[in-house]
Amino acid sequence: MSRMEPMELPHEAVHLFEDARTGLRAVIAIHSTALGPAAGGCRVWHYAADSAATGDALRLSEGMTYKNAMAGLPLGGGKAVIMLPADFDGDRRALFKAFGRCVESLQGRYVTAEDVGSTVEDMLSVAAATDHVAGLPQTRSGQAGGDPSPHTAQGVFLAMQVAAERKFGTPLKDTVVGVQGLGNVGMALAAKLSHAGAKLLVSDMNERRVAQAVHMFGAQQVAPEKIVGAPMDILAPCAMGAIVNHATIGSIQARIICGAANNQLETPARGAELARRGIFYAPDYLVNAGGIISVCAEYLGESLESVERRVAEIGPRLGRMIDEAERSGEAMNLVADRHARQIVADGRARRKAA
Ligand code: NAI
């Protein structure tokens, strides 16, 4: 996972949990509750060291603060990681129920949902122990809920349309887009791009998913180690973070980077470097907010229509950030960070005044 930068806003709390009976080992990082309960998914990963898991939770929870603030949600930022050994052969349901008890012990300061490595099924197990969980199956039609990935894909797609119009002056049908990672979000995004007429390059370690995209969308397969540097107009990172790093940055031929993966920049300084190289970077947490928008609406009992309305705001919001970056000459990630921090600071001031 990527290196950590000094943080501008300190974390409020970091909780470590162990449950010997189920084998659960988890970290819940609460970065900020200035705007509401700290919300962010639960990542399940095989970590080489505990420090790597904690580092991931710290970094990802801070990203959630910015993402939720920027999306205008009444939520702060948090994240959980479950350290799962590669050879785990215990009872997964019991493990997630135990994790639910950990969430419950925080009395609503943290709200969990799916992330990489966890599923709707897992969240149902969590829900056996706490109400502070979302990403559960829809209970009524018209109500928010269920897999948040389609909303994430929709937000990324809308943002990409704006980026292509502003940077190339063309619709997506005139572009070549490389999708790295054909998971829940990447595959849905590839379907939307194909429908819009874009030419697709696709990459995943999962051969079956690649074959599916080649078959369904006429996409061209690219090896996982080649996708970041392949010739294309737009790179859509939809796998893991830190793909814009010291080793890859010089090889990027795309002129736009716009995708769902969290923490795409190895460090904030890589954002400035991309700008210097003439590569437009759409801030990850701005464009991939569709999932948390859905999770938030579900948690608050809101409608699916309210989710769609908020997701539709992602494109225009990116447009406003582009205007500001053009005016100020700053890198896009720095403009977005400044906005998000201001929203959090305003929320904190309002709370103090209340
Ligand atoms: P997923 O786990 O369903 O899919 C990830 C895919 O990437 C898998 O198919 C995996 O095989 C592939 N992959 C991993 N490393 C790769 C590599 N080096 N090259 C090519 N493919 C690789 O995850 P999901 O839900 O689609 O999320 C994708 C990214 O978007 C993650 O970073 C996640 O944190 C982020 N995200 C997801 C949201 C959601 O609603 N699911 C919301 C916001 C962010």
Side-chain angles (χ1 to χ4, degrees), residues 1-2 39-46 56-57 59-61 63-64 66-68 70-71 73 75 77 79-81 84 112-123 134-135 144-157 159 178-192 200-213 219 221-230 235-245 247-248 257-265 282-298 307 311 314:
M1 301 268 146
S2 72
C42 170
R43 178 160 295 195
V44 181
W45 197 250
H46 314 304
D56 230 13
R59 202 168 42 80
L60 291 164
S61 59
M64 289 309 301
Y66 293 3
K67 186 188 304 200
N68 296 340
M70 196 62 121
L73 301 174
L75 296 175
K79 199 86 183 182
V81 302
L84 201 69
T112 199
E114 295 90 349
D115 190 54
V116 172
S118 59
T119 63
V120 172
E121 195 62 35
D122 295 330
M123 292 307 124
D147 179 7
S149 308
H151 301 292
T152 305
Q154 173 69 1
V156 173
F157 176 75
V179 180
Q180 180 193 37
L182 293 165
N184 293 319
V185 180
M187 192 65 93
L189 176 65
K192 286 174 191 294
L200 286 175
L201 307 182
V202 294
S203 184
D204 199 297
M205 269 97 75
N206 182 325
E207 284 292 329
R208 192 179 48 78
R209 288 188 156 259
V210 173
Q212 212 178 328
Q221 173 172 9
V222 178
E225 66 282 7
K226 298 229 169 97
I227 186 76
V228 174
L235 172 63
C238 296
M240 299 307 287
I243 66 112
V244 179
N245 57 48
T248 61
I257 299 178
C258 179
N262 285 312
N263 299 89
Q264 291 166 30
L265 304 177
D284 45 19
Y285 62 77
L286 193 163
V287 306
N288 73 9
I292 193 72
I293 288 171
S294 168
V295 161
C296 176
E298 177 190 341
V307 175
V311 172
I314 290 176

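Values in this document were obtained by computation on a predicted structure and should not be read as measured data. One-based numbering, in listed order, for ligands and for the atoms of each.
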Q: Would you say the side chain of Arg43 lies within less than 4.5 Å of the side chain of Asn262, judging by non-hydrogen atoms?
A: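 Yes, their side chains come closer than 4.5 Å.
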Q: Could you check if a side-chain atom of Lys226 sits within less than 4.5 angstrom of a side-chain atom of Ser203, using non-hydrogen atoms only?
A: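 With C-beta onward as the side chain, the pair stays apart.
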Q: Kindly write out the residues that satisfy side chain to side chain donor-acceptor pair (under 3.5 Å) with Asp147, not counting sequence neighbours, or none if the list is empty.
A: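 Per chain and number, Asp147 pairs via side chain to side chain donor-acceptor pair (under 3.5 Å) with Ser149.
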Q: Checking Asp115 against Ser118: is there a side-chain donor and acceptor pair closer than 3.5 Å?
A: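 Side chains of Ser118 and Asp115: no pair found under 3.5 Å.
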Q: Taking atom CG of Asp284 and atom CD of Gln264, what is their separation to the nearest 0.5 Å?
A: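 Rounded to the nearest 0.5 Å, the CG-CD separation comes to 4.5 Å.
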Q: So does Pro148 get a backbone contact from the side chain of Ser294, meaning a donor-acceptor N/O pair under 3.5 Å?
A: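 Such a contact is absent between Ser294 side chain and Pro148 backbone.
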Q: Give me the pairs of N or O atoms, one from ligand 1 and one from the protein, that sit under 3.5 Å apart.
A:
| from | atom 1 | to | atom 2 | distance (Å) |
| --- | --- | --- | --- | --- |
| ligand 1 | 3 (O) | Asn184 | N | 3.0 |
| ligand 1 | 3 (O) | Asn184 | ND2 | 3.3 |
| ligand 1 | 9 (O) | Asp204 | OD1 | 3.4 |
| ligand 1 | 9 (O) | Asp204 | OD2 | 2.6 |
| ligand 1 | 11 (O) | Asp204 | OD1 | 2.7 |
| ligand 1 | 26 (O) | Asn184 | N | 3.1 |
| ligand 1 | 26 (O) | Val185 | N | 2.9 |
| ligand 1 | 30 (O) | Ala260 | O | 3.3 |
| ligand 1 | 32 (O) | Ala239 | O | 2.6 |
| ligand 1 | 34 (O) | Arg43 | NH2 | 3.2 |
| ligand 1 | 34 (O) | Asn262 | ND2 | 3.0 |
| ligand 1 | 40 (O) | Thr152 | OG1 | 2.7 |
| ligand 1 | 41 (N) | Ser149 | OG | 3.2 |

